[in-house]
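Here the structure is laid out as structure tokens; the discussion comes afterwards.
Hydrogens, waters and symmetry mates are skipped; everything else that's a heavy atom, side chains included, is used.
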Amino acid sequence: MARHLITSALPYINGIKHLGNMVGSMLPADVYSRYLRQRGHDVLYICATDEHGTPAELAAKEQGLPVAEFCAQAHDAQKAVYDGFALAFDYFGRSSSPENREITQHFARKLNENGFIEERAIRQVYSPADGRFLPDRYVEGTCPHCGYDKARGDQCENCTRVLDPTDLINPRSAISGSTDLEVRETKHLFLLQSKLQHEVEQWVARHEADWPQLASSIARKWLNEGLHDRAITRDLDWGVPVPADTWPELAAEGKVFYVWFDAPIEYIGATKEWADQDPENRDWKAWWYDADETVRYTEFMAKDNVPFHTVMFPATELGVREPWKKVDYVKAFNWLTYYGGKFSTSQKRGVFTDQALDILPADYWRYFLIANAPESDDSSFTWEHFTATVNKDLADTLGNFVNRVLSFSKKRFGEEVPAGGEPGEAEARLGEEIARLLAEYEEQMEALQFRKAAAALRALWSAGNSYLEEKAPWLEIKTNKEGAALTLRTAMNLIHLYAVVSEPFIPATAKTMREAFSLADDTASWVSRDAAKALTSVPAGTSFTVPPVLFAKLTDEDLAAYKERFGGEEA
């Protein structure tokens, strides 16, 4: 089986993330990782908190904490939420780790040796009120492209255009709010991306046909506009320091690498963090160095991160002139909106992941988000849509099926799976349909088409309900007890199949369904199509229990309470 390296966009350290962030990177990466593991592949799913740059310093300042202490606490808080969502990272690291510092400095030295880094004097915003140069995110103002008045000096949150602080209209200090800003000369390191343009174009050309249109179009747009040399250092107190053995003057001035230089390298750094926990059995370089023929690398991210991972980071890797693994497939997502407006961490608009877990268990959110993932275009979160999806798909189609089958069988046949007669025409048709739908589900998961995969999974659940309605064991038992027993045994085998194949979407519920049956050797990680046709994995005589209600139906009162707490009007 193939070896699959999977990464999702690194969440910024400055606060708990919203649902849009979850569905745009980490959750689909987790669903795909779980699926691949079930199919027998060797999978390494890596993520980390992105801890450097202005957001960390500003957030720490706001809380009155040293930035290192703030980042340590925020990392643990984010990890607790991701654990609550059952994200099965193989490792969730920190970009402030010694491993990332070591590898980032190595990359910088090699780029310098190869002629792709240049020291330049530039004019930068300086705030007399703050007594310091202001890095990009320390400057706020109006975007010159779209007019958004809260744009940051590195990127406009509204139109996603990459900016320099001097581009902003009516700039102000994000620290003090002072508009008394000057432009002074200082020195920084520049990555000479212009010299790597042709190589990046060739590399993108070899991959873009396989990527989603969203990813390839963004990469192509950046290349068509031309790659510009970009400063990769900043005047900050917190970050990967410029190595003094290579740039002693800049190191003495306290320059650190720009967060967008070291953050992608943290994918490698976090893998080394993972390996350093068990060096006798883990080889981080086997996943990253000279691994093109042995590893398939898939990245998950929202569209605002795509340029950095399809153009800027590949340029860095190419310039190092070492065989570092580059991404094979970029799964890019559009925005999940909140009633038509953007989720926003900075503006606290929408539902945040910790709040979501306070309301309902993770599986409710996991299923809804993946079933409505913003793949081909933006999708909108509304409480009306959420409650309708939970009630129809989870509570009625899956949960009610499980409860009806197990409760009725226990009442009429006791706590063991009844034997019944031999399968007939209805069971044969069901087996063929389940095998067909399972193949569709597998096809969509392999293609990373998550909404279509969710639709195929939902169709699998619906097939069980259709079979149950057709056979109507509550009527059948009155005239044909053996026939009713067969129907219930077949339905219980469906429940077990659902438990196995639904695990990537709803892992906690899948575990509950699977544990309802006392099977002595239940080690199947997947269901073959032949097994799907036969539906015999839970034999007669197996004891079972009726689990609690899998999914509670959400009421009009619930809907009203959610909208009152979070708001629910069109933007």
Side-chain angles (χ1 to χ4, degrees), residues 1-6 8 26-46 83 85-91 274 281-282 287 294-296 298 300 362-363 366-367 370 398 401-402 417 431 433-450 452-454 456-461 463-464 490-539 542-545 547 550:
M1 289 292 183
R3 300 169 70 226
H4 286 267
L5 174 64
I6 295 172
S8 52
M26 290 175 284
L27 180 56
D30 178 74
V31 170
Y32 186 55
S33 298
R34 286 176 176 273
Y35 171 77
L36 290 176
R37 291 188 191 106
Q38 284 187 286
R39 301 307 306 272
H41 296 290
D42 186 7
V43 177
L44 184 65
Y45 177 21
I46 294 292
D83 288 344
F85 267 86
L87 301 183
F89 304 115
D90 287 285
Y91 191 76
W274 164 79
N281 299 299
R282 297 174 180 175
W287 292 93
T294 60
V295 174
R296 178 168 174 80
T298 305
F300 290 79
D363 281 0
R366 288 178 62 102
Y367 176 79
I370 294 296
L398 178 61
F401 176 79
V402 173
V417 176
E433 177 70 356
I434 292 297
R436 182 188 69 80
L437 292 172
L438 181 60
E440 171 69 12
Y441 178 53
E442 292 172 353
E443 180 181 344
Q444 300 302 340
M445 288 293 280
E446 297 287 347
L448 286 86
Q449 293 294 316
F450 291 101
K452 291 179 180 179
L457 182 61
R458 182 168 56 244
L460 278 166
W461 300 341
T490 303
M492 289 190 203
N493 274 280
L494 277 177
I495 292 172
H496 187 268
L497 180 145
Y498 295 162
V500 175
V501 303
S502 303
E503 193 266 346
F505 281 71
I506 47 173
T509 306
K511 185 172 185 287
T512 297
M513 287 192 289
R514 196 157 180 164
E515 291 177 347
F517 303 100
S518 299
L519 293 169
D521 188 26
D522 187 11
T523 59
S525 62
W526 198 247
V527 180
S528 70
R529 293 176 197 178
D530 287 342
K533 287 182 181 180
L535 292 173
T536 56
S537 60
V538 182
T542 302
S543 61
F544 69 89
T545 57
L550 297 181

Practice task
State the CG-OG1 distance between D530 and T536, to the nearest 0.5 angstrom.
Solution key: 10.5 Å
Practice task
Give a yes or no answer on whether the side chain of N493 reaches the backbone of V538 with a donor-acceptor pair at less than 3.5 Å.
Solution key: yes
Handout entry: Check against side chain to side chain contact (heavy atoms under 4.5 Å, CB included), I495 and F517
Key = CA-CA 10 Å; I495 292 172; F517 303 100; 3.8 Å; yes
Problem - side chain to side chain contact (heavy atoms under 4.5 Å, CB included) between Q38 and V500, worked out - result: CA-CA 9 Å; Q38 284 187 286; V500 175; 4.1 Å; yes
Practice task
Please list, chain by chain and in numerical order, all residues satisfying ring pair (Phe, Tyr, Trp, His ring centres under 6.0 Å) with Y35, sequence neighbours excluded.
Solution key: W526
Fill in the blank from the handout: To the nearest 0.5 Å, atom NZ of K533 lies from atom CZ of R529 at 9.5 Å
Handout entry: Aromatic plane relationship, F450 with Y32 - under 30° parallel, 30 to 60° tilted, over 60° perpendicular
Key = perpendicular
Practice task
Indicate yes or no: at least one non-hydrogen side-chain atom of I370 is less than 4.5 angstrom from one of P28.
Solution key: yes
Exercise for the section: Taking only Lys NZ, Arg NE, NH1 and NH2, and the carboxylate oxygens of Asp or Glu, determine whether R37 and D90 approach each other closer than 4.0 Å. Expected result: yes
Practice task
Using modelled atom types only, decide if a donor and an acceptor are shared between the side chain of R34 and the backbone of E503 within a distance under 3.5 Å.
Solution key: no
Completion exercise
Residue set satisfying ring pair (Phe, Tyr, Trp, His ring centres under 6.0 Å) with F401, at least two apart, ordered chain then number -> Y498
Exercise for the section: Report yes if some heavy atom in the side chain of L398 is under 4.5 Å from a heavy atom in the side chain of R458; otherwise report no. Expected result: no
Exercise for the section: Please name the pair of heavy atoms, one in L494 and one in G464, separated by the smallest distance, quoted to 0.1 Å. Expected result: CD1-CA, 3.6 Å
Problem - Atom pair CG/OG of L87 and S8 - distance to nearest 0.5 Å - result: 8.0 Å
Exercise for the section: Apply side chain to side chain contact (heavy atoms under 4.5 Å, CB included) to L448 and F300, showing your working. Expected result: CA-CA 10 Å; L448 286 86; F300 290 79; 3.5 Å; yes
Handout entry: Contacts of Y367 that satisfy ring pair (Phe, Tyr, Trp, His ring centres under 6.0 Å) - sequence neighbours left out
Key = W461
Problem - Student check: side-chain heavy atoms of H496 and D522 closer than 4.5 Å - result: yes
Fill in the blank from the handout: Closest heavy-atom pair, A510 versus A499, reported as atoms and distance to 0.1 Å, is CB-O, 3.1 Å
Handout entry: Residue pair A463 / I434: nearest heavy atoms and the distance that separates them
Key = CB-CD1, 3.8 Å
Practice task
Return the minimal non-hydrogen interatomic distance between P539 and S537, and the atom names on each side.
Solution key: CD-O, 3.3 Å
Exercise for the section: Side-chain contact test, heavy atoms from C-beta onward, threshold under 4.5 Å: evaluate it for D30 versus I6 and give yes or no. Expected result: no
Handout entry: Contact check, side chains of T298 and L5, non-hydrogen atoms, under 4.5 Å
Key = no
Practice task
Report yes if some heavy atom in the side chain of T542 is under 4.5 Å from a heavy atom in the side chain of M492; otherwise report no.
Solution key: no
Practice task
Run the salt-bridge test on K511 and E515 with the 4.0 Å N-O cut-off and return the result as yes or no.
Solution key: yes
Practice task
Give me the one residue out of H41, R3, H4 that meets side chain to side chain contact (heavy atoms under 4.5 Å, CB included) with R296.
Solution key: H4
Completion exercise
Shortest non-hydrogen pair, L535 vs A532, comes out as CG-O, 3.2 Å
Practice task
Nearest 0.5 Å please: distance from the CG atom of L550 over to the OG1 atom of T509.
Solution key: 6.0 Å
Handout entry: Beyond-backbone contact of E433 with L460, side-chain heavy atoms, under 4.5 angstrom
Key = no
Fill in the blank from the handout: Rounded to the nearest 0.5 angstrom, the CG-CG distance for L44 and L36 is 12.0 Å
Exercise for the section: Please examine the side chains of F89 and I46, heavy atoms only from C-beta on, and report whether any two atoms are closer than 4.5 Å. Expected result: no
Problem - Whether W287 and W274 hold their rings parallel, tilted or perpendicular, with breakpoints at 30° and 60° - result: perpendicular
Fill in the blank from the handout: R366 and P504 have their tightest heavy-atom pair at NH2-O, 2.7 Å
Problem - Carboxylate-amine/guanidinium contact E442 R39, below 4.0 Å - result: yes
